[in-house]
Amino acid sequence: NPQNLAALAYYGAALNSLGKYAEAIEKLKAAEVIAPTNKVILRQYGRALKHLGQDEAALEKFNKIAETDPQDDLSLCYSGFIYLRLHQYE
């Protein structure tokens with residue numbers, strides 16, 4: 001079922017783990033339409049974007065998580081890696 005949230009999320013995460021980031025983005029984008037504030041989906045989506053060098057787009061996903069859960073350690077960690085890569089230290 002192309003509208004099954006769990007299937008889209010797991011498939012996107014699996015594609016991320018396999019390094020198939022562009023394919024993962026397709027699945028995670030569809031999942032985000034269904035559940036736009038789901039932390040797992042946003043985090044996986046941000047990871048895929050980060051690995052493809054789309055840093056600003058990835059930060060948007062991680063910041064969206066921070067709006068509802070400012071203590072989300074993984075998102076903060078991924079954001080930190082991106083800011084470090086961008087030489088933005090403040």
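What you see below is based on every heavy atom in this structure, not just the backbone, and it leaves out hydrogens, waters and symmetry mates.
Within the structure, every pair that satisfies the salt bridge (Lys or Arg N to Asp or Glu O under 4.0 Å) test and touches residues 48-57, not counting sequence neighbours, is listed here: D55-R85.
Under the 4.5 Å side-chain heavy-atom criterion for ILVMFWY residues, a single connected hydrophobic cluster contains both L86 and F62. Under the 4.5 Å side-chain heavy-atom criterion for grouping Ile, Leu, Val, Met, Phe, Trp and Tyr, L5 is not connected to V33 through any hydrophobic cluster.
Atom CD of Q54 and atom CG of L59 lie 12.0 Å apart (nearest 0.5 Å). If you take CG on L42 and CD1 on I65, they are separated by 5.0 Å, rounding to the nearest 0.5 Å.
Applying the side-chain contact (heavy atoms from CB on, under 4.5 Å) criterion to A66, with sequence neighbours excluded, gives no partner residue. In this structure K39 satisfies the side-chain hydrogen bond (donor to acceptor under 3.5 Å, both in side chains) test together with D69, sequence neighbours excluded. Under the side-chain hydrogen bond (donor to acceptor under 3.5 Å, both in side chains) criterion, E32 pairs with K61, K64, sequence neighbours left out.
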Hey, can you pull the donor-acceptor pairs under 3.5 Å for the side chains in residues 7-26, sequence neighbours left out?
residue, atom, partner, partner atom, Å
N16, ND2, Q44, O, 2.9
N16, ND2, Q44, OE1, 2.8
S17, OG, A13, O, 3.2

List the atom pairs, with distances to 0.1 Å, where a side-chain N or O of residues 73-82 and a protein N or O form a donor-acceptor pair under 3.5 Å, not counting sequence neighbours.
residue, atom, partner, partner atom, Å
S75, OG, D72, OD2, 2.6
Y78, OH, R47, NE, 3.4
S79, OG, S75, O, 3.0

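L84 belongs to a hydrophobic cluster whose other members, connected by ILVMFWY side-chain contacts under 4.5 Å either directly or through intermediates, are Y89.
The nearest pair of heavy atoms linking I41 to A35 is CD1-CB, 4.3 Å.
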